[in-house]
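Here is the naming used below: chain letters follow the sequence lines, and residue numbers restart at 1 for every chain. What you see is a predicted model; the values in this text were computed from it and never measured.
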Amino acid sequence: MKVDRIKGFRDQYPEDMEPRKKMFSKAETTAELFGFGKIDYPSLEYLDLYRIKSGDELLSQTFSFTDRGGREVTMLPEATPSTVRLLTARKDIPRPVRWYSLPKIWRYEEPQSGRLREHFQFNADIFGVDTPEADAEIINLAGSILSNLGLKSAFEIHINDRVMMDGILKILEIENTERVFTIIDRFRKTSREEFLTLLKENGVSGKGADILLKIVDSPFEIQDLKSKISEINGKSGVLNDRIERLSKTCEIVRSYGSARIVVDFSVIRGISYYTGIVFEAFDSMGQFRSILGGGRYDNLARLMSNQDIPAVGFGMGDVVLELLMKREQVWADNRKESSYAICSMGNTGKYSTEVARKLRENGIVCIDELSSRGLSQQIRSAESQGYRYVLIIGEREKERGTVTLRDLQESSQSEKDLDDLIRNAKKYQEF
RNA sequence: GCCGGGGUGGGGUAGUGGGCAUCCUUGGGGACUGUGGAUCCCCGGACCCGGGUUCAAUUCCCGGUCCCGGCCCCA
């Protein structure tokens with residue numbers, strides 16, 4: 001009998017969940033502050049939902065099975081199709097629609113750094129507006145979440161525009177667009193020589209390959225965009241519209257101030273359904289894979305329902321984010337540092353129960369002594385469980401209606417009025 | 001699906017072709033009855049699984065599995 005944890009899945013203990021809860025609640029609170037509403041959907045969908053826009057490659061990486069009713073179903077491999085299904089199922093929702101969700105998603109692939117077979121993915125989308133303002137808003141939300149997690153200086157947003165890339169390839173007379181996109185997408189993993197060779201093998205001229213290498217090579221500031229591609233854009237200026245739009249998006253993000261943003265022509269986001277900007281957030285040391293990614297996808301609703309609904313959104317998994325938060329030392333369980341362990345002695349049972357009730361009524365976390373050990377063992381136990389504060393309650397305190405507060409970290413101690421303690425203690429919501 | 005490196009109690013380790021295995025830590029219990037968050041005592045707990053070689057395998061070989069990392073892919 002196999003009873004172990006399944007490969008690529010995680011068990012979560014309280015010390016894991018505490019910082020994870022904080023991560024999620026920061027993301028959700030930030031989305032709420034932007035006026036986004038939370039949605040949810042089943043963890044199981046018809047496999048057909050993903051056949052609409054995906055190839056066999058995706059289908060081979062799903063947890064799929066035939067259920068007892070003969071239906072081909074699959075555990076959610078991504079959030080967007082379900083989100084769009086919820087939207088197209090209702091035609092009465094006023095636009096723009098701002099939605100977020102936090103599902104678990106699954107994919108059957110080999111686990112490695114930053115990738116597991118099951119993870120949480122925070123998603124946010126804006127439907128119904130096709131403007132650079134909407135593009136910027138979704139990036140601002142993404143940036144604000146990361147900033148609110150204490151990662152302000154630890155990441156940057158890399159942005160690109162698929163339409164502009166299409167235009168560039170067209171000007172360079174490159175026909176094999178999909179294949180060349182894939183090569184560009186893998187640029188950061190290949191050497192320059194390899195990159196040039198691959199391009200030439202796929203029908204790109206020597207000059208075209210050189211130009212591509214030049215623009216893809218490293219991210220740059222938005223104000224340099226025009227000069228960076230002047231050689232391609234030339235006098236015709238066919239790319240001017242896209243340059244202007246991308247500039248506007250970046251300017252809004254920049255003035256909002258939640259994230260540093262750079263243009264990165266190597267950000268392509270696979271061979272998916274994007275129809276405008278695409279973006280990813282990377283840790284600024286370049287140590288991990290992308291923290292989050294998204295873009296504009298104006299055609300998906302039509303593919304699913306024959307409705308034209310412009311859309312822009314992003315998804316953010318919890319795995320890479322956890323790695324980054326640990327590196328930046330903002331992945332911590334602070335809860336016990338501001339909660340109380342009650343140590344009671346003698347015939348004070350009723351009084352210490354009353355103290356516990358009053359603390360909890362005031363939103364203060366405390367644990368009661370459940371056994372009848374000596375004081376030293378109670379203190380030892382509280383210390384080993386990570387509690388910073390101990391409330392000693394004995395006959396003396398009972399008589400005076402006080403508690404003795406011992407700070408295990410400072411090794412200091414004083415007798416406190418209960419009301420006084422309640423006033424100065426940290427409430428659960430403030431952790 | 002493919003490639004590389006690993007696998008000794010919950011965590012970290014020592015060690016060996018031959019007495020069911022070292023130490024630290026953690027966990028449980030006790031002494032201890034208002035500060036011992038100490039100290040002392042006791043206890044529990046491991047060689048990933050299967051096959052092979054061998055008189056004998058935790059140790060050597062093969063396969064699997066899981067973990068770590070990489071590729072493919074990234075929806």
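- Taking a pair to require two hydrogen-bonding distances under 3.5 Å in either a Watson-Crick or a G-U wobble arrangement, B:U39 pairs with B:A31.
- As rounded to the nearest Å, B:U39 and B:C71 have P atoms that lie 49 Å from one another.
- Put simply, the side chain of A:Arg380 and the base of B:G36 share no donor and acceptor less than 3.5 Å apart.
- No hydrogens or angles were tested; on distance alone, a donor-acceptor pair under 3.5 Å links the side chain of A:Gln377 to the base of B:C32.
- B:C24 and B:C61 have their P atoms separated by 32 Å, given to the nearest Å.
- In this structure, CZ of A:Arg107 is placed 6 Å from C1' of B:C74, rounded to the nearest angstrom.
- Residue A:Gln413 places no side-chain N or O under 4.0 Å from the OP1 or OP2 atom of B:U35.
- Whole-Å rounding puts the A:Phe288 CZ to B:C68 C1' distance at 15 Å.
- At a cut-off of 3.5 angstrom, counting only N and O atoms as typed in the model, there is a donor on one side and an acceptor on the other between the side-chain of A:Arg115 and the base of B:C74.
- When the P atom is compared between B:A14 and B:G7, the two are found 11 Å apart, to the nearest whole Å.
- For A:Ile379, the side-chain atoms get nearest to B:U35 when compared with the rest of B:U35, B:C67, B:C71.
- For the pair A:Arg260 and A:Phe155, the cation-pi criterion (under 6.0 Å, within 45° of the ring axis) is not fulfilled.
- One finds a side-chain N or O of A:Arg186 lying less than 4.0 angstrom from the OP1 or OP2 phosphate oxygen of B:C73.
- Of the side-chain N and O atoms in A:Lys189, none sit less than 4.0 angstrom from OP1 or OP2 of B:G70.
- Across all strands, A:Gly317 comes closer than 4.0 Å to no nucleic acid atom at all (heavy-atom distances).
- For A:Ser376 and B:U35, the shortest distance from a side-chain N or O to OP1 or OP2 is not below 4.0 Å.
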